[in-house]
Amino acid sequence: MKATIGLPRPAKPGELVSLDCEMFGMQKPHRADGTFAALSVAYPTGELFVITDQNDIREALKRVSAGRWVFHNALFDLRILRRYASVRQRQVLDTMICEQDLFGGWYNRFDLANAARRWLGEQLSKGVREQFISTQTLTPEMIEYAASDAWATVRIAQKQLDYIEEEEDGKFNWYYDIDEPMIWVALDMPGIRVDVGAWRKQNVLHEAKARAIEKELELNVMSRDQVVSLLHELGLRGFKKTDAGNDSAGKVFLQQSMERAQVSGEKRLAEALNMILTARMYRKAVSTYGDTWLDANVEEDGRVYPSWKITGAETGRMACSDPNLQQIPARDLPIYRSFFLASPGHRLLIGDVNQQEPRFSAWMSGDKTLQQEILDGIDLHMVAADLFHIKGANRRRKGKDINLGLNYGMSAMGLAARVGISLEEAEMGLRERQMHYRFMHAWQDRMQRQAERLYKVRTASGRPVWVNPYEIHGGWRRNAINGPIQGSAADQTKMAAVLYAKEYKAPLLIVHDEMADNVPSGEMRKARRTMNDAWIEAGRHLIADMPVEVSMASGSNWGAKES
């Protein structure tokens, strides 16, 4: 492999041509910081070129404009290229996203080194990468490293295209219609303003509330031993010491014990458990989303710029990091959403699809009862609460927990813990629900058998979600049920964002099944109409005979719409 230093030859129409950027001193890849080091260009013929002068980038892109551009992680390279040249939207092949779209759930690492090992049987050396951080001078070794990445990428792309033609009958619409155009949407998604002052005040308040509760209880709520000792004094026994830990299992145990104590009239125990859970919630919020979070993630302009991932989960759902806005505690502490603000002279518009996943469940399973309930506008979460004989407060919230849990294939034991009912009540509710939605449960059984036979299930767009039937504890059965539903919802969400961006502009946020945008004064009516149409058109494209009902709200902050 020998690279030519300088401009590439002109690309032939439709010819694969890979582009790979390297930067000096990069600290935030998703912000395309640092200074230019090199742009490598590779053709399937083995011709390699390395551009080392940023002033040549425009001419280099002009020369390869007729080709079919290939990247491994296009978001990274396109952000850099757009610093130095005008890059119009065009169809690109992203070998990383292609790999995720073909093998989500089968592999868990999609970096270039792993892709090269799988497709080419080659081991790429990545040790040289660190040199770009600490120097401003290209060495021959660094040039060879840059060129090798581009050379591997173009060959992987050809292998993937051959695989798609042979194994998928040439169909790859979930990439071309959804994920590839979503790359360009994500590139234009701006940062969001944060009310730092209000956030810091809330941190102080949460800390004070936690300390006050701990003072009243006379213990450290994060200490497993102290919590176990108190609960023993109050008569709560029959659990392992680890059940009262600080992890999610410990939280579920304490929550379930509290709700049972409330039902049985054990007021002292119920109150103590509630205080422990509340104090832990505040302590967790301060440690995870305290001043350290603000200092690390809010930039000088008062905005947060997350790193979006087009395909972050095996089902195709988007993700983000640095920071992960999808983990902002919206359920227990919805006040955090209010700290994300519209720009001056703007309002936030937030929209999602009512009962999105149940709509896909109804369509994919063909369950007439579920379909009719959706057509009649019946609240499915209240139906679930009735089927499980949930009484008292928070019936709808518990019904929603039931529906979401069962969409994920949750067992009776898991459901009992999640909702705070007995195992017997959970098993009885499951039997009643199975009788109520016979076709949906039959479809779930078919999905599990299909996964066991083919190792994969598919979403409404055809996206494969690979399932490992050798996974311990039966997790693959849950994935077989959840994959088509969550994946289809993700398909619709991304497609809606693409359509919205095409007709109006890139949205501000996409968090799970929710889309939000920063809308200038005077344009809200247009934005609402465009967002509504985008959601409906995306639904029509994926599930033509299942109507879509869109829920929207607007306000000065993200909290305008309940999660």
Side-chain angles (χ1 to χ4, degrees), residues 1-12 14-26 29 32 34-85 87 92-99 110-161:
M1 181 190 71
K2 184 177 180 180
T4 299
I5 305 300
L7 291 166
R9 68 160 172 84
K12 300 172 185 177
E15 180 181 21
L16 292 180
V17 51
S18 68
L19 299 99
D20 184 82
C21 296
E22 302 293 344
M23 300 290 283
F24 291 128
M26 177 169 278
T35 57
F36 178 75
L39 168 62
S40 301
V41 179
Y43 294 95
T45 57
E47 297 164 277
L48 299 172
F49 302 87
V50 178
I51 294 93
T52 59
D53 185 343
Q54 68 185 49
N55 295 316
D56 288 336
I57 293 177
R58 287 189 181 88
E59 178 61 26
L61 295 182
K62 182 179 179 181
R63 291 192 180 194
V64 301
S65 60
R68 190 176 186 186
W69 290 7
V70 180
F71 302 92
H72 192 86
N73 190 4
L75 277 173
F76 172 82
D77 294 292
L78 286 170
R79 277 197 188 97
I80 293 172
L81 292 176
R82 296 207 312 181
R83 279 183 56 180
Y84 304 103
V87 181
V92 300
L93 271 178
D94 185 328
T95 53
M96 183 182 75
I97 297 178
C98 287
E99 191 83 339
F110 298 96
D111 55 273
L112 183 59
N114 276 278
R117 177 178 52 79
R118 290 193 286 264
W119 290 104
L120 308 176
E122 296 177 4
Q123 190 73 35
L124 291 183
S125 175
K126 288 295 179 179
V128 181
R129 178 192 298 169
E130 301 301 319
Q131 296 181 25
F132 286 90
I133 298 175
S134 58
T135 184
Q136 294 288 316
T137 304
L138 273 175
T139 65
E141 186 183 24
M142 293 163 73
I143 291 173
E144 182 179 354
Y145 164 83
S148 67
D149 277 5
W151 174 228
T153 300
V154 74
R155 289 181 293 150
I156 291 168
Q158 186 60 65
K159 294 277 189 181
Q160 290 176 335
L161 291 173

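- The line from CG of L93 to CD of Q160 is 7.5 Å long, rounded to the nearest 0.5 Å.
- Taking 4.0 Å as the cut-off between side-chain N and carboxylate O, E47 and K2 do not count as a salt-bridged pair.
- Considering only heavy atoms from C-beta on, I133 stays 4.5 Å or farther from M26 through its side chain.
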Start with the C-alpha distance between R68 and L161, add both sets of side-chain angles, then the distance that settles side chain to side chain contact (heavy atoms under 4.5 Å, CB included), and finish with yes or no. CA-CA 12 Å; R68 190 176 186 186; L161 291 173; 3.8 Å; yes
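- The two residues C21 and D77 come nearest to each other via the heavy atoms N-OD1, 2.8 Å.
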Please test L48 against V41 for side chain to side chain contact (heavy atoms under 4.5 Å, CB included), starting from the C-alpha separation and ending with a verdict. CA-CA 6 Å; L48 299 172; V41 179; over 6 Å; no
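- Between the side chain of D94 and the backbone N or O of A74 there is at least one donor-acceptor pair closer than 3.5 Å.
- Remark: E99 engages R118 in a salt bridge, criterion side-chain N to carboxylate O under 4.0 Å.
- Using a 4.5 Å heavy-atom cutoff, the side chains of R83 and M23 are in contact.
- What you find for T137 and T135 is that their closest heavy atoms are N-OG1, 3.2 Å.
- Here CD1 of I156 is found 5.5 Å from OG1 of T95. Values are rounded to the nearest 0.5 Å.
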Derivation and outcome, side chain to side chain contact (heavy atoms under 4.5 Å, CB included), residues I5 and T52: CA-CA 7 Å; I5 305 300; T52 59; 4.2 Å; yes
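- Note that CG of N73 and CZ of R79 are 8.0 Å apart. Values are rounded to the nearest 0.5 Å.
- For the pair Q158/L16, a side-chain contact is recorded, criterion being any heavy-atom separation below 4.5 Å from C-beta on.
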CA sep, side-chain torsions, deciding dist, call: L78, F71, side chain to side chain contact (heavy atoms under 4.5 Å, CB included): CA-CA 9 Å; L78 286 170; F71 302 92; 3.8 Å; yes
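- Side-chain contact between L124 and L112 is present, with heavy atoms from C-beta onward closer than 4.5 Å.
- Scanning for salt bridge (charged side-chain N to carboxylate O under 4.0 Å, His left out) contacts around D56 gives an empty result, with sequence neighbours left out.
- Between the side chain of R63 and the backbone N or O of P8, at least one donor-acceptor pair lies under 3.5 Å.
- Side-chain contact between I97 and F110 is absent, with no heavy-atom pair separated by less than 4.5 Å.
- For the residue pair H72 and T153, no side-chain donor N or O sits within less than 3.5 Å of a side-chain acceptor on the partner.
- Between V64 and W69, the shortest heavy-atom contact is O-NE1, 2.9 Å.
- Side-chain contact check for I57 versus K62: every heavy-atom pair is 4.5 Å or farther apart.
- A distance of 6.0 Å or more separates the ring centres of F24 and F36.
- Rounding to the nearest 0.5 Å places CG of L81 at 6.0 Å from CG of L39.
- Between A3 and A147, the closest heavy-atom pair is CB-CB, 3.9 Å.
- Note: Y43 OH to E15 CD = 6.0 Å, rounded to the nearest 0.5 Å.
- A donor-acceptor pair under 3.5 Å is absent between the side-chain atoms of D20 and the main chain of S40, judged by distance alone.
- The CG atom of L61 lies 8.0 Å from the CD1 atom of I51; values are rounded to the nearest 0.5 Å.
- In this structure, the side chains of F132 and M142 come closer than 4.5 Å at one or more pairs of heavy atoms.
- Proximity of Y145 to E22: side-chain heavy atoms (C-beta onward) are separated by under 4.5 Å at one or more points.
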